[in-house]
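Take a look at the structure set out below.
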Amino acid sequence: MRKFLKIPSNILLFVFLTLLTQIGGIVYLVSMQINKRWKWNNKFKPTITFFTLYLGTTLLIIPLLAPIFGREKVKHTSKISPANYMTVLLNRNYIRPELNALLNQAEQELKGTDIEIHYLDANFPFINSCPLLPHLSHNDGKKIDLSLIYETENGEISNMQKSISGYGICEDPSPNEYNQITACLKKGYFQYNYSQYLTFGSINDDLIFSSKGNKKLIESLLMSPKLGKLFIEPHLKTRLNLTNDRIRFHGCQAVRHDNHIHVQL
Ligand SMILES: [Zn+2]
């Protein structure tokens, strides 16, 4: 009976690791084969094997293989870094070189300001059409989500986030702003509000949405002709007085974009 239960749990773990990290499922299968042959009697053997193999593959091997699929890691600089380093450890930080060039140009545009670019989910390293859940469109190396910019009560730009994941703390429409969220929910798109469940905990509650910081960040991204579309919730586009037609509404079938900025080539 135990053996019967063990097979499905192995399959479930394989599927979960694959959906989370793309390579985790394969690394898990390889680590199981190593454990079968490795005569070491230690209850931590499976965990040690998996994590050693996973980290070695993630940090050393995948960056060398990703260019075969036209992708590379997001290049970190003093002003470009992940909002949460788990994005890197989970292999969710791969993009096409043109997108690195776009981010690099935005960084140049932001020189002299305190604004930094903190990225969230991008794409997996391999295979077009393999979505990085829960983002169905992040499947071709052309997409990246960026954290919103916040400021202190005194109006000083902060480079901290308001949630551990960087997602989910929404800048709601004020009563006099157009409420796209209610409009989508009324049409039956119940998933539109789901991003609020992805915070993994809220932090820095005293920080507030920075209108000047987000406007400057978006304008710096728009300077690049490589930018195809940028998604942000309609009430924020209006609030920030942004009129560029590459800033689009993503549609009710997506999730709300007032907790992050979506950028694509
Ligand atoms: Zn996105």
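Every number for a ligand or one of its atoms is a count from 1 in the order of the listing. These numbers come from a predicted model, not from an experiment. We're numbering straight along the sequence, starting at 1.
Atoms of the protein (N, O or S only) found under 2.8 Å from the Zn ion (ligand 1) are His138 NE2, Asp145 OD1, His262 ND1.
With hydrogens and angles left out, the side-chain atoms of Tyr150 and Asn214 include no donor and acceptor closer than 3.5 Å.
Partners of Lys162 under the salt bridge (Lys or Arg N to Asp or Glu O under 4.0 Å) rule, at least two apart in sequence or in another chain, do not exist in this structure.
A ring-centre distance under 6.0 Å is not found for Tyr28 and Phe14.
By the 30° and 60° cut-offs, the orientation of the rings of Tyr54 relative to Phe50 is parallel.
In this structure, Lys79 places its NZ atom where more than 12 heavy-atom neighbours from other residues, nucleotides or ligands lie under 6.0 Å away.
Salt-bridge annotation for Glu233 and Lys237: absent, with no side-chain N of the basic residue lying under 4.0 Å from a carboxylate O of the acidic one.
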